[in-house]
Amino acid sequence: MSTALDRFLTPLLGAADGAQAVAVAAVRGEECAVLCRGPAEPGTRFEVGSLTKTFTALLLAELVARGEVRYDDPVDRYLPSAVPGPPITLLHLATHTAGLPRLPPGLIGREARAAWFSNPYAAFTSADLLAALPRTRLHHRPGTRVRYSNYGVGLLGHTLARAAGGDYAELLTERVLAPLGLTDTDCDPYRPQALGHWHGRPRPPWLIPGLPAAGALRSSARDLLRFLLALLAPGRADLTGLPPSLRAALADVQRPRLALPRTGNRVCLVWNLRPRGGRPLLHHSGGTRGFSAFAGFLPGSGCALAALADTAPTPLAPFIQAAYGTLCALDGSAAGHVPGDRGRELPGGGRQSRPLPGGPAHVQ
């Protein structure tokens, strides 16, 4: 364990207000470190919320590399019913440009309202997802605006599973998690995990049966570190046994797909990209009713960081912001606020809709 990295990471252990268990992991060049506080160890499983979406993006890229699907495939090709309106592609779903609402129609029913502060997604099934499709109304023409959507990435995972003829969780394990050696990571809410908290009160395990691709994963600091190492260097010697399709996917998810106006920021497959000192910084955060999570990396400098806490994000997300700042400090670049990505995506928050000059042609 690197004492140099410890100096950067130790303050982050206390940055999550109300957290009892915190785990952070980082790499800088050849140095790696995993630090834990409270009832947490490197292999302790935390709910990672919307960090699940980055794994769904990798699954999409893996299926594309195999030739099983194409980015410009219309979603309707794999679904029993269509979303009314112009065609939505897999790439639209993976870049939050489909025009879908943040949540599917029918989710905020009586049961969801009653469980809003514990398990709002628990009663929404895959059958409910399919039933929501013909009732969906798009907020804008696909490809013309960025509008964060849990519905969209949840639908992406469901579509990929149907295209491959399997279950999302099983497909993700077979194509991504098992080849990468991520033994602590899966969608199982009944395996041992840390106890989540919301305003200091214990929360039950997060259940999201109808939209698992949007936020059902659990993972550990050591698994997320291995995941980030694979993204930093897909050709590393210890990854030579990976299927070629997965190695290609690890690089493909990092390729910018569209530019956001007036900011210089980019959107990759799910990952947000910010230029930092002339190099790309990719990041994403996640939150459930009991947990906060962050992951980010700078391919050009070999720095990456993951941070997990057993407490739900608060509106200003100080833990997410501190993790982002720590990653910038590892790289030696000036810290800044995380733009529109404050760990609240899964409960329904996220970026505001922004127009994309040039519309669909702006997607590279």
Undergrad: Determine whether Arg266 and Arg257 make a side-chain contact, defined as any pair of heavy atoms from C-beta on separated by less than 4.5 Å.
TA: no

Undergrad: Judged by atom type as modelled, is there a donor-acceptor pair below 3.5 Å linking the side chain of Asp252 to the main-chain atoms of Ala249?
TA: no

Undergrad: Same cluster for Tyr151 and Leu79 if Ile/Leu/Val/Met/Phe/Trp/Tyr side chains link at under 4.5 Å?
TA: yes

Undergrad: Arg37 side chain to Leu13 main-chain N or O, any donor-acceptor pair under 3.5 Å?
TA: yes

Undergrad: Which heavy atom of Leu12 sits nearest to which heavy atom of Val24, and what is that distance?
TA: CD2-CG1, 3.7 Å

Undergrad: Decide yes or no for Pro104 and Leu211: does some side-chain heavy atom of the first lie under 4.5 Å from some side-chain heavy atom of the second?
TA: yes

Undergrad: If we only count heavy atoms from C-beta on, is the Pro189 to Arg218 side-chain gap below 4.5 Å?
TA: yes

Undergrad: Keeping the roles fixed (side chain from Thr136, backbone from Val83), state whether a donor-acceptor pair exists under 3.5 Å.
TA: no

Undergrad: Find out whether Pro205 and Glu47 are in side-chain contact, i.e. whether some heavy atom of one side chain is under 4.5 Å from a heavy atom of the other.
TA: yes

Undergrad: Between Asp331 and Arg28, does any side-chain N to carboxylate O distance fall below 4.0 Å?
TA: no

Undergrad: Is it true that Asp184 and Arg222 have a side-chain N and a carboxylate O under 4.0 angstrom from each other?
TA: yes

Undergrad: Test your reading of the model: is there a side-chain donor-acceptor pair from Glu170 to the backbone of Gly166, 3.5 Å cut-off?
TA: no

Undergrad: Do Leu180 and Leu242 come within less than 4.5 Å of each other through their side chains, counting heavy atoms only?
TA: yes

Undergrad: Using the six-membered ring wherever Trp is involved, compare the ring planes of Tyr324 and Phe294 and label them parallel, tilted or perpendicular (cut-offs 30° and 60°).
TA: perpendicular

Undergrad: Can you name the closest pair of heavy atoms from Ala221 and Ala23 and give their distance?
TA: CB-CB, 3.8 Å

Undergrad: For Thr97 and Thr144, what are the C-alpha separation, side-chain angles and deciding distance, and is it a side chain to side chain contact (heavy atoms under 4.5 Å, CB included)?
TA: CA-CA 7 Å; Thr97 57; Thr144 61; over 6 Å; no

Undergrad: Could you go through the salt bridge (Lys or Arg N to Asp or Glu O under 4.0 Å) check for Glu62 and Arg247 one step at a time?
TA: CA-CA 8 Å; Glu62 200 274 343; Arg247 284 203 304 277; over 6 Å; no

Undergrad: Cationic tip of Arg203 within the cone over Phe291's six-membered ring, i.e. under 6.0 Å and within 45° of the normal?
TA: no

Undergrad: In the structure I gave you, are the side-chain heavy atoms of Pro243 and Pro179 within less than 4.5 Å of one another anywhere?
TA: yes

Undergrad: Is a donor on one side and an acceptor on the other found under 3.5 Å between the side chain of His92 and the backbone of Thr89?
TA: yes

Undergrad: Does some side-chain heavy atom of Val34 sit less than 4.5 Å from a side-chain heavy atom of Leu9?
TA: no

Undergrad: Do Arg279 side-chain atoms and Leu298 backbone N/O form a donor-acceptor pair below 3.5 Å?
TA: no

Undergrad: Decide whether Arg289 and Tyr121 meet the rule of one side-chain donor and one side-chain acceptor closer than 3.5 Å.
TA: no

Undergrad: Hydrogens and angles aside, do Thr56 and Lys53 bring a side-chain donor and acceptor to less than 3.5 Å of each other?
TA: no

Undergrad: Quick one: ring pair (Phe, Tyr, Trp, His ring centres under 6.0 Å) pairs with a partner in residues 165-203, sequence neighbours left out?
TA: Phe117-Trp198

Undergrad: Kindly write out the residues that satisfy side-chain hydrogen bond (donor to acceptor under 3.5 Å, both in side chains) with Thr159, not counting sequence neighbours, or none if the list is empty.
TA: none

Undergrad: Where the side chain of Thr10 meets the backbone of Arg7, is there a donor-acceptor pair that is under 3.5 Å apart?
TA: no

Undergrad: So which heavy atom on Thr52 is nearest to which on Ala213, and how close?
TA: CG2-O, 3.5 Å

Undergrad: Considering non-hydrogen atoms only, spot the tightest contact between Cys268 and Val253 and give its length.
TA: CB-O, 3.2 Å

Undergrad: For the CG atom of Asn272 and the OG1 atom of Thr54, what is their distance to the nearest 0.5 Å?
TA: 10.5 Å

Undergrad: So, for Ala307 and Ala323, which heavy atoms are closest and what is the spacing to 0.1 Å?
TA: CB-CB, 3.9 Å

Undergrad: In terms of hydrophobic clusters joined by side-chain contacts under 4.5 Å, are Leu138 and Val153 together?
TA: no

Undergrad: Are Arg45 and Asp223 close enough for a salt bridge, meaning some N to O gap below 4.0 Å?
TA: no

Undergrad: Aromatic rings Phe227 and Phe55: how do their planes relate, parallel, tilted or perpendicular, breaks at 30° and 60°?
TA: parallel

Undergrad: Between the main-chain N or O of Val146 and the side-chain N or O of His96, is there a donor-acceptor pair closer than 3.5 Å?
TA: no

Undergrad: Provide the closest heavy-atom pair for Leu133 versus Ser81 in the form atom of the first, atom of the second, distance.
TA: CD1-O, 3.6 Å

Undergrad: Keeping Asp310 on the side-chain end and Gln20 on the backbone end, is there a donor-acceptor pair under 3.5 Å?
TA: yes

Undergrad: Out of curiosity, does Leu172 fall in the hydrophobic cluster containing Leu246 (side-chain heavy atoms, cut-off under 4.5 Å, transitive links)?
TA: yes

Undergrad: Can you tell me if Arg191 has over 12 outside heavy atoms packed within less than 6.0 Å of its CZ?
TA: yes

